[in-house]
*Asks:* 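Starting off with a structure, shown below.
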Amino acid sequence: MRKIVNKFLGIFSEDLGIDLGTSNTLICVKNKGIILNEPSVVALNLKTKDVFEVGERAKLMLGRTPGNIQTIRPLKNGVIADYEVTERMIRNFLKKVNPKKGLASPRVIICVPAGVTQVEKRAVIDVTREAGAREAYLIEEPMAAAIGIGLNIFEPEGNLIIDIGGGTSEIAVISLGGIVKTSSFRVAGDRFDTTIIDYVRQKHNLLIGERTAEEIKKRIGAVIDLEEDEYIEISGRNALNGLPRDIKIYSSEIVEALGDLAQQIIEEIKVILEKTPPELASDIKRKGLYITGGGALLKGIDKKISENLNLNVTVSEDPLNSVINGIQVLLENFETYKKVLISPESDY
């Protein structure tokens, strides 16, 4: 009976895909593409417990709120850290993309890190259903990214992909529609930001916030020395006397700051390659590896990995949207790709 009702409701609803990221949440609609791209940030009124702002406007409030307003990032390291706030955030985003809901209860596909536990998977499915989904399915990030950059995941060939996101980096060897070897580790965008904050404090005695660190990373972030040393002017608070102060930060300094983290990513790729079956390793040697996610935009990341691993490295054309693009392909070809999904009915 439930399946019949769900099928009936499906006539009145549009299937959605959600890339529920630590830094940003993206939503796409079948045959329409990406219709929402907002930071995964919620501002709460502590007196009324109501949601004050969600997304971009909430992010602008980070570090700038009065005592009665609290800004929360409800996802940490790619998983739900605050269940209730995540549910309210998703519900708010769904209202934005579908304000005249009526009978519509969409089928939703949500992306999760490859290393999440069964409990965490169940939490994502439950929170999505509570936010209004008729059916909820999960797909692992590296699989979605592989589909998004156009790889044929069903071929008996090895594909190595690394998705450097906000909370986690995901490495996966994919063949025959499945993940053969995978690793999920917490060296990603958020870690880059905190490392930049620490570096600026120690090197320049300047205290800066997350938004400034992110701006530095986006503008001049690099992991190899560039031909021209780029710089950005930033403002912060002098750690010695507490007064506001401006300084210039150069890309060569960011190379110094992020050097150890870039090496950790390389070492993790080596570990996966060591565990990969020889036939698949041969395919990877021939085809190289693919990088997606925001971390792929760090200047020189492809060259640094290539030199250390002696492999061809390809940065995807649209690294920030590779995962959501993969979900979009999946929504449009659901019967073809549904075997790669994790569903509550078959996996719990």
*Asks:* Test side chain to side chain donor-acceptor pair (under 3.5 Å) on E268 and Q264; report intermediate values, then the result.
*Replies:* CA-CA 6 Å; E268 198 68 30; Q264 286 181 43; over 6 Å; no
*Asks:* So, K59 and E38, do they make that salt bridge, N to O below 4.0 Å?
*Replies:* no
*Asks:* Surrounding CG of D260 (heavy atoms of other residues, nucleotides or ligands, distance under 6.0 Å), is the total greater than 12?
*Replies:*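 Incorrect, the count does not exceed 12.
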*Asks:* Looking only at atom types and distance, does a side-chain atom of S184 sit under 3.5 Å from a main-chain N or O of E170, one as donor and one as acceptor?
*Replies:*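 No, the answer is negative, given that no donor and acceptor are paired below the 3.5 Å cut-off.
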*Asks:* Are I272 and L311 connected into the same hydrophobic cluster when the rule is that any two of I, L, V, M, F, W, Y join if their side-chain heavy atoms are below 4.5 Å apart?
*Replies:* yes
*Asks:* Salt bridge or not between R211 and E214? Use side-chain N to carboxylate O under 4.0 Å.
*Replies:* no
*Asks:* When you look at F185 and I265, which way does the side chain to side chain contact (heavy atoms under 4.5 Å, CB included) test go after all the steps?
*Replies:* CA-CA 9 Å; F185 56 104; I265 291 173; 3.9 Å; yes
*Asks:* Scan side-chain atoms only and decide if S316 and T292 contain a donor-acceptor pair under the 3.5 Å cut-off.
*Replies:* no
*Asks:* Is there a side-chain contact between M89 and T25, using heavy atoms and a 4.5 Å cut-off?
*Replies:*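 Answer yes - side chains close enough.
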*Asks:* Any side-chain heavy-atom pair from L151 and Y290 closer than 4.5 angstrom?
*Replies:* yes
*Asks:* Does I284 belong to the same Ile/Leu/Val/Met/Phe/Trp/Tyr cluster as I179, with side-chain heavy atoms less than 4.5 Å apart forming each link?
*Replies:*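 No, no single cluster joins them.
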*Asks:* Could you tell me whether a side-chain N or O of N92 sits under 3.5 Å from a main-chain N or O of R88, the two making a donor and an acceptor?
*Replies:*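 Looks like no, no N/O pair under 3.5 Å.
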*Asks:* Let me confirm one number: the CG-OG1 distance from D193 to T212, rounded to the nearest 0.5 Å.
*Replies:* 10.5 Å
*Asks:* Indicate yes or no for a side-chain donor-acceptor contact from S175 to the backbone of P156 under 3.5 Å, with no hydrogens or angles considered.
*Replies:* no
*Asks:* Any idea how Y137 and F334 line up, ring-wise: parallel (<30°), tilted (30 to 60°), or perpendicular (>60°)?
*Replies:*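 Rings of Y137 and F334: perpendicular, over 60°.
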*Asks:* Between the side chains of E332 and Y337, is a donor N or O closer than 3.5 angstrom to an acceptor N or O?
*Replies:*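 No, Y337 and E332 have no side-chain donor paired with an acceptor closer than 3.5 Å.
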*Asks:* So which atom in G295 and which in I301 form the shortest heavy-atom distance, rounded to 0.1 Å?
*Replies:* O-CG2, 3.9 Å
*Asks:* Are the side chains of T168 and T22 in contact, using a 4.5 Å heavy-atom criterion?
*Replies:* no
*Asks:* Taking ring pair (Phe, Tyr, Trp, His ring centres under 6.0 Å) as the test, write out the residues that go with F93, two or more places apart.
*Replies:* none
*Asks:* Can you list, by chain and residue number, the hydrophobic cluster partners of L320 when the side-chain cut-off is 4.5 Å?
*Replies:* L297
*Asks:* Could you go step by step and tell me if K287 and N312 meet the side chain to side chain donor-acceptor pair (under 3.5 Å) rule?
*Replies:* CA-CA 7 Å; K287 300 169 72 174; N312 291 325; over 6 Å; no
*Asks:* Would you check, one step at a time, whether the test side chain to side chain contact (heavy atoms under 4.5 Å, CB included) holds for L289 with L309?
*Replies:* CA-CA 10 Å; L289 66 87; L309 299 179; 4.2 Å; yes
*Asks:* Other than L243, which residues form its hydrophobic cluster under the rule that side-chain heavy atoms must be closer than 4.5 Å?
*Replies:*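 When side chains under 4.5 Å apart are linked, L243 ends up in no cluster with other residues.
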*Asks:* To the nearest 0.5 Å, what is the distance between CZ on R219 and CD on E230?
*Replies:* 9.5 Å
*Asks:* Do D318 and N325 come close enough that some side-chain heavy atom pair is under 4.5 Å?
*Replies:*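 They are in contact (side-chain heavy atoms under 4.5 Å apart), so the answer is yes.
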*Asks:* Measuring from atom CD1 of I249 to atom CD1 of I196, what distance do you get when rounded to the nearest 0.5 angstrom?
*Replies:* 9.0 Å
*Asks:* Would you give the length of the straight line joining atom CG of D163 to atom CD1 of I291, rounded to the nearest 0.5 angstrom?
*Replies:* 10.5 Å
*Asks:* Linking directly or through intermediates, with side-chain heavy atoms under 4.5 Å: list the remaining ILVMFWY members grouped with V271, chain and number order.
*Replies:*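 Taking Ile, Leu, Val, Met, Phe, Trp and Tyr as members, V271 stands alone, with no cluster partners.
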*Asks:* Looking only at non-hydrogen atoms, find the nearest pair between A146 and I153 and report the distance.
*Replies:* CB-CG2, 3.9 Å
*Asks:* When clusters are formed by joining ILVMFWY residues with side-chain heavy atoms under 4.5 Å apart, either directly or through shared neighbours, do L26 and I164 land in the same one?
*Replies:* no
*Asks:* Whether K338 and E335 form a salt bridge (side-chain N of Lys/Arg under 4.0 Å from carboxylate O of Asp/Glu) is what I want to check.
*Replies:*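 Yes, this pair counts.
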*Asks:* Between E307 and I224, is the side chain to side chain contact (heavy atoms under 4.5 Å, CB included) condition met? List the steps.
*Replies:* CA-CA 11 Å; E307 288 175 351; I224 63 170; 5.6 Å; no
*Asks:* If you measure from the Lys or Arg side-chain nitrogens to the Asp or Glu carboxylate oxygens, is any gap between R91 and E87 under 4.0 Å?
*Replies:* yes
*Asks:* What's the verdict on side chain to side chain contact (heavy atoms under 4.5 Å, CB included) for D229 and I220, showing C-alpha distance, side-chain angles and the deciding distance?
*Replies:* CA-CA 9 Å; D229 201 3; I220 60 167; over 6 Å; no
*Asks:* Of all residues at least two apart in sequence or in a different chain, which pass the ring pair (Phe, Tyr, Trp, His ring centres under 6.0 Å) check with Y231?
*Replies:*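 Counting only residues at least two positions away or on another chain, Y231 forms a ring pair (Phe, Tyr, Trp, His ring centres under 6.0 Å) with Y250.
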*Asks:* Specify the closest pair of heavy atoms between L226 and S251, including all atoms of both residues, with the distance to one decimal.
*Replies:*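 Minimum heavy-atom contact is CD1-OG, 3.7 Å.
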*Asks:* Are I305 and F192 in one and the same hydrophobic cluster, where Ile, Leu, Val, Met, Phe, Trp and Tyr link if side-chain heavy atoms are under 4.5 Å apart?
*Replies:* yes
*Asks:* Less than 4.0 angstrom from a charged side-chain N to a carboxylate O is my criterion; do D126 and R129 meet it?
*Replies:* no
*Asks:* Using the test salt bridge (Lys or Arg N to Asp or Glu O under 4.0 Å), find all partners of R191 that sit at least two apart in sequence or belong to another chain.
*Replies:*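 For R191, no residue satisfies salt bridge (Lys or Arg N to Asp or Glu O under 4.0 Å) once neighbours in sequence are set aside.
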*Asks:* Say whether L176 and I161 are linked into one hydrophobic cluster, either directly or through other cluster members, by side-chain heavy-atom distances under 4.5 angstrom.
*Replies:* no
*Asks:* Any non-hydrogen side-chain atom of I254 less than 4.5 Å from a side-chain atom of I216?
*Replies:*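 In contact.
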*Asks:* Give me the atom names and distance for the closest heavy-atom approach of L258 to A222.
*Replies:*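 Minimum heavy-atom contact is CD1-O, 4.3 Å.
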*Asks:* Can you check whether C111's main-chain N or O pairs, donor with acceptor, with D19's side chain at less than 3.5 Å?
*Replies:* no
*Asks:* Looking at K285 and N310, what are the two nearest heavy atoms and their distance?
*Replies:*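 Looking at all heavy atoms of both residues, the closest pair is NZ-O, 2.7 Å.
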*Asks:* With a 4.5 Å cut-off on side-chain heavy atoms, are I324 and N321 touching?
*Replies:* yes
*Asks:* Take K270 and E267 through the salt bridge (charged side-chain N to carboxylate O under 4.0 Å, His left out) test and state the conclusion after the steps.
*Replies:* CA-CA 5 Å; K270 284 182 180 178; E267 293 303 317; 3.5 Å; yes
*Asks:* Hey, is CZ on R57 packed in by over 12 heavy atoms from elsewhere, all under 6.0 Å?
*Replies:* no
*Asks:* Hey, could you give me the NZ/CD1 distance between K121 and I110, rounded to the nearest 0.5 Å?
*Replies:*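 K121 NZ to I110 CD1: 12.5 Å, rounded to 0.5 Å.
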*Asks:* Rounded to the nearest 0.5 Å, how far apart are NZ of K203 and CD of E256?
*Replies:* 5.0 Å
*Asks:* Of the non-hydrogen atoms in V340 and G177, which two are nearest, and what is the gap between them?
*Replies:* CG1-O, 3.6 Å
*Asks:* Any donor-acceptor pair under 3.5 Å linking the side chain of T276 with the backbone of L280?
*Replies:*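 Checking the backbone N and O of L280 against the side chain of T276, no donor-acceptor pair under 3.5 Å is found.
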*Asks:* So with a 6.0 Å cut-off around CZ of R186, is the heavy-atom count from everything else above 12?
*Replies:*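 Not more than 12 within 6.0 Å, no.
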*Asks:* With a 4.5 Å heavy-atom cut-off, do I109 and I18 have their side chains touching?
*Replies:*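 The answer is no; the side chains never approach within 4.5 Å.
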*Asks:* Heavy atoms, side chains only, cut-off 4.5 Å: are L75 and L20 in contact?
*Replies:* yes
*Asks:* Applying the side chain to side chain contact (heavy atoms under 4.5 Å, CB included) criterion to T86, which one of T128, I80, V79 satisfies it?
*Replies:*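 Checked T128, I80, V79 against T86; only one passes side chain to side chain contact (heavy atoms under 4.5 Å, CB included): I80.
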*Asks:* Between R73 and D82, does any NZ, NE, NH1 or NH2 come within less than 4.0 Å of an OD or OE carboxylate oxygen?
*Replies:* no
